[in-house]
Amino acid sequence: AEKYSGALANVSARKKPGCRNHDSTGICSACMPDPLTLEQQGYRHVDYLQFEHPSIVDRFVNYWRRSGHQRIGYLVGRYERHAGVSLGIKAVVAAIYEPPQQCHKHRVLLEPEDPHKPALDALLDMLGMQLVGWVFTDLLPADESGKVLHFRGTGDTFFLSAEEAITAGQLQVQHPNICSKAEGGRFGSKFVTCVLTGDQTNQIAPTAYQLSNQGMALVRDEILVPTFDAPELAWCRERTKDGQFAPDVFYSGTNEYGNRMKRLARPLPVDFLLIDMPVGFAKDASEHACSFQPADRFPIENRASIGGETAASSLRDALETVSGRGLAVVLSDFHLLFHLLTDPVIAFPPEQLRELLRHVMSGDSAAAEAFVNSCPNWEVVKAVAFSQSGAGWQCRHCTFQNSGGGENAACEICGLPQ
């Protein structure tokens, strides 16, 4: 067997730094990047994508069902050992976070800044989870029966468009795989791309991919761009955006005579850079217990465009079931927890939520209720939840919607008079 002789090498298509033969604007044979020959990657960083419960996908797709617009979300979960493959790794999805975005029938524009990103990172840290991938819909209704079109991967379609593959590469670059055996301590990425589109039977089905390490390098070094009129083809630039020299990129293809030959990647079939993986759901609780209650229906964040039940009324409905279900069960909802952190009136302190989650994640409702009874911020949560029922008044000082009234009424939050 061949003996391991060094660190895993990361692909680079940029000029080698630190050349002393010229100034920083020049280039020579010593620092010029070598031509890159693309090869189909023979391994995967993630072997399986598993959703803990079908309702996770179903609630995400409901946005398209109600609006007819496509949607993007981030997969919240963790990586675990996958018993189905030797030394296998699977990404387990417990929830989907939907960032601020502009959704349309055929495209989605993510907002450049998410004001709640720090709160999301804090919540993930409390839960011991991370973003393991992203998901988007590509759905077109076939008719009123509920069937959908746009089955990817046929002779007339593609698995991922160049624009989607480049976006996947950018997200993989932002979420590198930490590896002590690699140069720089990073090698590839475990960040997964999931597409919800139609299958052979015109039913909604998930498919999952990753961009190869070489594809990540082309995206990171700003060499790979989409073509104008062929979504399944990308193009490798001769120079980067900042004017830097880019190496020639080749890939192996088949000519009209059936012979294998090396071709210049202008254009480049995007499928050459993709690695696919199976997608599935946990069969039952014995295979994987759900991290959150699958039956809970607290409103998903950033969905004001399609209306629906308000967060305040849903919070009230949830708290009214505490006596029957237990506080630990009620709070076992990712979107409810996210609301507690991000609602401007509640503003539940992260250090207190971390302690509360310790009891929630262990399923100890008695300990959770004992903790909130000694926590003054929990009174704010209840006040916000129940202030929306019946007549009330809005405080002119802090804008809180109070439930009571009267001549000498004072605000339940700031204590100032009505």
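Atom set for the values below is all heavy atoms of this structure, side chains included, hydrogens, waters and symmetry mates excluded. In what follows, residues are counted from 1 in the order of the sequence shown.
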Could you walk me through whether C236 and L224 pass the side-chain contact (heavy atoms from CB on, under 4.5 Å) test, one step at a time?
CA-CA 5 Å; C236 290; L224 197 67; 4.0 Å; yes
side-chain contact (heavy atoms from CB on, under 4.5 Å) between V360 and L337: does it pass, once the steps are laid out?
CA-CA 11 Å; V360 170; L337 295 172; 5.8 Å; no
Go through the steps for L319 and F386 under the test side-chain contact (heavy atoms from CB on, under 4.5 Å), then give the verdict.
CA-CA 9 Å; L319 295 183; F386 293 102; 4.2 Å; yes
Given side-chain contact (heavy atoms from CB on, under 4.5 Å), test I89 with H45 step by step and report yes or no.
CA-CA 7 Å; I89 295 175; H45 291 285; over 6 Å; no
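A donor-acceptor contact shorter than 3.5 Å is absent between the side chain of Y251 and the backbone of F272. Not one N or O on the side chain of D125 forms a donor-acceptor pair closer than 3.5 Å with the backbone of D121. A donor-acceptor pair under 3.5 Å is formed between the side chain of T167 and the backbone N or O of E163. Side chain of Q70 to main chain of L139: a donor-acceptor pair is present (N/O by atom type, distance under 3.5 Å, no hydrogens or angles). At least one donor-acceptor pair closer than 3.5 Å links the side chain of R66 to the backbone N or O of I306. Looking only at distances, a side-chain donor or acceptor of K16 sits under 3.5 Å from a matching main-chain atom of M32. For D114 (side chain) and P99 (main-chain N/O), no donor-acceptor pair under 3.5 Å exists by modelled atom type. Remark: side-chain polar atoms of N202 are paired, donor with acceptor, to backbone N or O of V148 under 3.5 angstrom. Without hydrogens or angle criteria, N213 side chain to V11 main chain gives no donor-acceptor distance under 3.5 Å. Within the 3.5 Å criterion, the main-chain N or O of K90 finds no donor-acceptor partner in the side chain of D47.
Applying the 6.0 Å contact sphere to OH of Y43 captures more than 12 heavy atoms from other residues, nucleotides or ligands. Within a 6.0 Å sphere centred on CD of E351, heavy atoms belonging to other residues, nucleotides or ligands number more than 12. Other residues, nucleotides and ligands contribute over 12 non-hydrogen atoms within 6.0 Å of the CD1 atom of I178. Enclosure of atom CD in E238 is not indicated, since only 12 or fewer non-hydrogen atoms of other residues, nucleotides or ligands lie within 6.0 angstrom.
Residues Y79 and Q130 form a side-chain contact, since some pair of their non-hydrogen atoms from C-beta on lies under 4.5 Å apart. Counting only heavy atoms from C-beta outward, the side chains of Y63 and H69 approach each other to under 4.5 Å. For the pair F292 and L127, the minimum side-chain heavy-atom distance is below 4.5 Å. Side-chain contact between S12 and D221: present, with at least one pair of heavy atoms (C-beta onward) separated by less than 4.5 Å. By the 4.5 Å heavy-atom criterion applied to side chains, T207 and D276 are not counted as neighbours. You'll find the side chain of D343 stays beyond 4.5 Å of the side chain of L315, heavy atoms only. Two residues are said to be in side-chain contact when any heavy atoms from C-beta on lie closer than 4.5 Å; L171 and L131 fail this criterion. Using a 4.5 Å heavy-atom threshold, the side chains of F60 and C194 count as separate.
To the nearest 0.5 Å, atoms CG (L110) and CD (Q102) are separated by 9.5 Å. To the nearest 0.5 Å, atom CD1 of residue I204 and atom CG of residue D199 are 9.5 Å apart. Atoms OG1 and CD, from T37 and Q214 in turn, are 8.5 Å apart once rounded to the nearest 0.5 Å. For the atom pair R220 CZ and Q174 CD, the distance stands at 13.5 Å (nearest 0.5 Å). To the nearest 0.5 Å, the span separating CD on E369 from CG on L331 amounts to 9.5 Å. Here W378 contributes atom CH2 and I346 contributes atom CD1; the two are 8.5 Å apart, rounded to the nearest 0.5 Å.
Taking a cutoff of 4.0 Å between a charged side-chain nitrogen and a carboxylate oxygen, R65 and D58 qualify as a salt bridge. Ionic pairing of R266 and D248 is present here: one or more N-O contacts between side-chain nitrogen and carboxylate oxygen are shorter than 4.0 angstrom. A salt bridge links R303 with E98: at least one charged nitrogen is closer than 4.0 Å to a carboxylate oxygen.
When each of V195, L196, T197 is paired with F136, the side-chain contact (heavy atoms from CB on, under 4.5 Å) condition holds for V195 and for no other. Just one residue in the list F348, F298, Y97 forms a ring-ring contact (aromatic ring centres under 6.0 Å, His included) with F338, and that residue is Y97.
Across every non-hydrogen atom of L233 and V270, the tightest pair is C-CG2, 4.1 Å. Nearest approach of M277 to V46, heavy atoms of both residues: CE-O, 3.7 Å. I96 and G73 get closest at one heavy-atom pair: CG2-CA, 3.9 Å. Of all the heavy atoms in R237 and A246, the pair that sits closest is O-CB, 3.5 Å. Between A119 and T342, the shortest heavy-atom distance links the atoms CB-CG2, 3.6 Å. Taking all atoms of both residues into account, the shortest heavy-atom contact from F159 to L274 is CB-CD1, 3.9 Å.
Side-chain contact check for R59 and N62: no donor-acceptor pair (N or O, by modelled atom type) lies under 3.5 Å. Side chain to side chain, S189 and Q210 fail the donor-acceptor criterion of an N or O pair below 3.5 Å. Remark: the H339 side chain and the E301 side chain contain no N/O donor-acceptor pair separated by less than 3.5 Å.
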